[in-house]
Number of protein chains: 2
Amino acid sequence: MNIDDATVGPLGGPRPAQAATGTRDGAAPGGEDGGPGDAGRDDGARDDPGRGVPEATVARLPQYLRALTALAERGTETVSSEALAAAVGVGSAKLRKDLSHLGSYGTRGVGYEVGHLLRQISAHLGLTQHWNVVIIGIGNLGRSLAGYGGFASRGFGVVGLYDDSPAVVGECVNGHVVRPLSEFEVPSAGCATIAVLAVPAAVAQRVCDLLVSAGVTSILNFAPVVLHVPEGVHVRRVDLASELQILAFHEQRKAAPGRTTALVDGATLVDGGRLGSRALAGQALDGQALEAALQPSAVGTLPRAGATR
Amino acid sequence: MNIDDATVGPLGGPRPAQAATGTRDGAAPGGEDGGPGDAGRDDGARDDPGRGVPEATVARLPQYLRALTALAERGTETVSSEALAAAVGVGSAKLRKDLSHLGSYGTRGVGYEVGHLLRQISAHLGLTQHWNVVIIGIGNLGRSLAGYGGFASRGFGVVGLYDDSPAVVGECVNGHVVRPLSEFEVPSAGCATIAVLAVPAAVAQRVCDLLVSAGVTSILNFAPVVLHVPEGVHVRRVDLASELQILAFHEQRKAAPGRTTALVDGATLVDGGRLGSRALAGQALDGQALEAALQPSAVGTLPRAGATR
DNA sequence: CGATGTGAAAAGGTTCACAGCC
DNA sequence: GGCTGTGAACCTTTTCACATCG
């Protein structure tokens with residue numbers, strides 16, 4: 001719960017990296033913070049499908065892939081944009097436009113051949129090659145990630161675990177020995193590597209700097225901190241606290257249609273009357289992180305899935 | 001790994017709920033899938049600050065809150081839009097416009113009073129009231145969430161645990177007895193409740209339907225499935241697989257500037273040659289889920305945070 | 001003077017509608 | 001006939017530039 005300078009980095013002391021990379025939306029689109037100057041970004045071929053895929057489209061490709069895989073396992077041969085879109089929960093026009101950015105993989109009057117489209121999207125996402133995953137921070141989170149079997153079978157393979165806590169360095173977690181961060185190095189010549197950051201928020205920025213200086217250019221950040229990285233490095237964040245707060249915002253609005261919700265403009269605080277200076281404030285989940293793991297028990301066979309309205 | 005109809009719901013059999021709510025971007029903006037007809041959406045007051053806050057802005061409020069909290073703990077009194085924006089990794093203009101949607105909480109020529117702005121944003125996010133959190137699915141994920149202390153101290157309090165696996169029903173997890181889903185009910189008159197779905201993908205939709213029929217209108221979904229819910233219900237998803245795939249996409253593009261990446265248009269498969277029909281496909285992490293938990297060990301004191309470049 | 005707040009312009013993304021093709 | 005692919009309209013979001021005010 002110690003939110004030191006790592007949280008708000010640049011404000012406190014001097015730090016090298018700039019070009020902060022936000023979370024979801026702002027992660028890559030145009031330039032986020034790269035400066036007002038670099039408009040255009042037509043560095044490559046413009047008419048080449050594969051180039052210039054909108055970020056919003058990229059974010060939906062995994063969903064399409066998922067739905068397609070489900071269809072494939074069910075034995076479905078072809079699917080229309082209408083049906084596939086319904087499965088993913090988007091409009092059919094959006095789906096078609098998305099796919100058109102990758103190329104023309106459909107057949108007019110028929111639809112899309114499931115297997116073919118599946119391969120194409122996989123290829124576009126880079127899932128035809130192997131991806132090395134290194135996990136930094138072997139707490140509850142990192143441990144579960146390391147033990148997560150889904151990695152290996154999907155093209156993402158854990159190849160290294162790192163932590164600086166003496167308590168865990170040297171320990172063998174799921175076949176991998178936890179090594180100290182000082183020994184960190186990007187596996188296999190620096191390409192096709194993704195680092196998963198599962199360290200406390202307080203040290204996340206410093207660890208991130210270290211990774212970047214070692215050549216890492218893709219980071220999945222579980223710490224509730226906005227990492228500041230140089231241009232060319234991609235960061236995506238998974239943040240439970242933010243998600244809950246966003247849900248709270250919408251829920252609250254639904255519940256109180258008339259209320260403005262804001263505290264009375266001029267003065268201290270009204271409305272609920274509660275809320276100490278920073279007691280309830282934001283910054284939830286600092287020092288903690290999300291944890292990914294297998295799901296052994298959980299809901300088994302639902303009694304009756306009723307719920308029809 | 002059993003992807004039954006829950007994954008692609010609407011395609012397979014008849015299902016009641018429509019209006020699929022996607023993940024991040026499409027979660028709420030205009031209508032996502034509500035139909036082409038409902039343009040306008042000026043149902044409420046239009047000039048009332050608090051109403052009509054853009055979704056993109058809402059998604060950034062938690063970040064602002066976090067940065068402000070850090071500043072407050074450091075004792076900072078005021079902050080400029082420039083400095084705060086830098087901390088969050090956005091442009092100062094964007095920050096000012098975001099805040100302008102909430103109201104005018106700054107002082108020209110000076111900046112923003114940290115404490116005041118912090119309270120205002122908290123109020124807008126609805127963090128002045130208590131939020132009941134129920135966790136469905138007490139596997140590794142749900143268990144960790146239940147034990148996560150950050151909830152209670154931040155306005156989010158776990159008030160119920162549910163699972164249908166006989167192995168865990170009745171078990172006491174962190175002070176709460178796990179109850180069967182059949183006993184599920186929305187706590188305290190159906191308001192201010194958020195359900196966290198931590199069940200396997202295969203049953204996520206059915207459990208979701210059940211929750212919705214019980215009156216839940218805000219769901220945080222950890223299962224790698226697009227949930228289809230009726231209008232008025234908000235769903236947000238946390239999805240490790242998608243995040244990794246999106247990172248892979250960008251990394252791959254960085255690594256191979258010239259390659260089109262797509263498989264040769266006409267035929268089977270080229271490029272790597274690998275990739276069976278659905279072996280590497282998408283659908284990663286099905287049946288699994290992310291897990292949030294305390295982070296006891298992890299990186300302690302970094303050796304030297306070097307990484308200056 | 002300096003920093004906010006905000007119209008206006010630009011960019012990005014979504015939806016419509018239909019031409020084109022099987 | 002039916003469905004894809006896509007230009008065009010529309011909406012959201014970002015960015016610019018500057019009037020405004022402490």
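Just so it is clear: chains get the letters A, B, ... in the order the sequence lines come, proteins before strands, and each one is counted from 1.
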Would you check if the side chain of B:Q205 reaches a backbone N or O of B:H228 as a donor-acceptor pair within less than 3.5 Å?
->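 Here the side-chain-to-backbone pair exists.
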Any sub-3.5 Å donor-acceptor pair from A:K94's side-chain atoms to A:A85's backbone N or O?
->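 It does not hold such a pair.
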If I take atom [atom1] in residue [X] and atom [atom2] in nucleotide [N], what distance separates them, rounded to the nearest angstrom?
X      : N      : atom1 : atom2 : value
A:H101 : D:dT6  : NE2   : C1'   : 10 Å
A:D98  : C:dT15 : CG    : C1'   : 12 Å
B:K97  : C:dA10 : NZ    : P     : 15 Å
B:Q120 : C:dT4  : CD    : C1'   : 16 Å
A:L99  : D:dG5  : CG    : P     : 7 Å
B:L84  : C:dG5  : CG    : C1'   : 15 Å
B:L95  : C:dT6  : CG    : P     : 14 Å

Does B:E82 have any side-chain contact (heavy atoms from CB on, under 4.5 Å) partners at least two apart in sequence or in another chain, and if so, which?
->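 Residues passing side-chain contact (heavy atoms from CB on, under 4.5 Å) with B:E82: B:S80, B:S92.
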Strictly below 4.0 Å: does [X] bring a side-chain N or O up to OP1 or OP2 of [N]?
X      : N      : value
A:K94  : C:dT15 : yes
A:Y112 : D:dG5  : yes
A:S81  : D:dC3  : no

Check: A:F249 ring centre within less than 6.0 Å of B:H124 ring centre =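 So the answer is no for these two rings.
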The side-chain hydrogen bond (donor to acceptor under 3.5 Å, both in side chains) partners of B:T57 (sequence neighbours excluded) come to B:D98
Which of the following nucleotides, D:dT14, C:dT6, D:dG5, is nearest to the side chain of B:S104?
-> C:dT6
Please list, for nucleotides 17-22 of chain D, all pairs of protein and nucleotide N/O atoms separated by less than 3.5 Å.
unit_1 : atom_1 : unit_2 : atom_2 : d
D:dT20 : O2     : B:R108 : NH1    : 2.6

B:R237 vs B:I219 side-chain heavy atoms within contact, under 4.5 Å = no
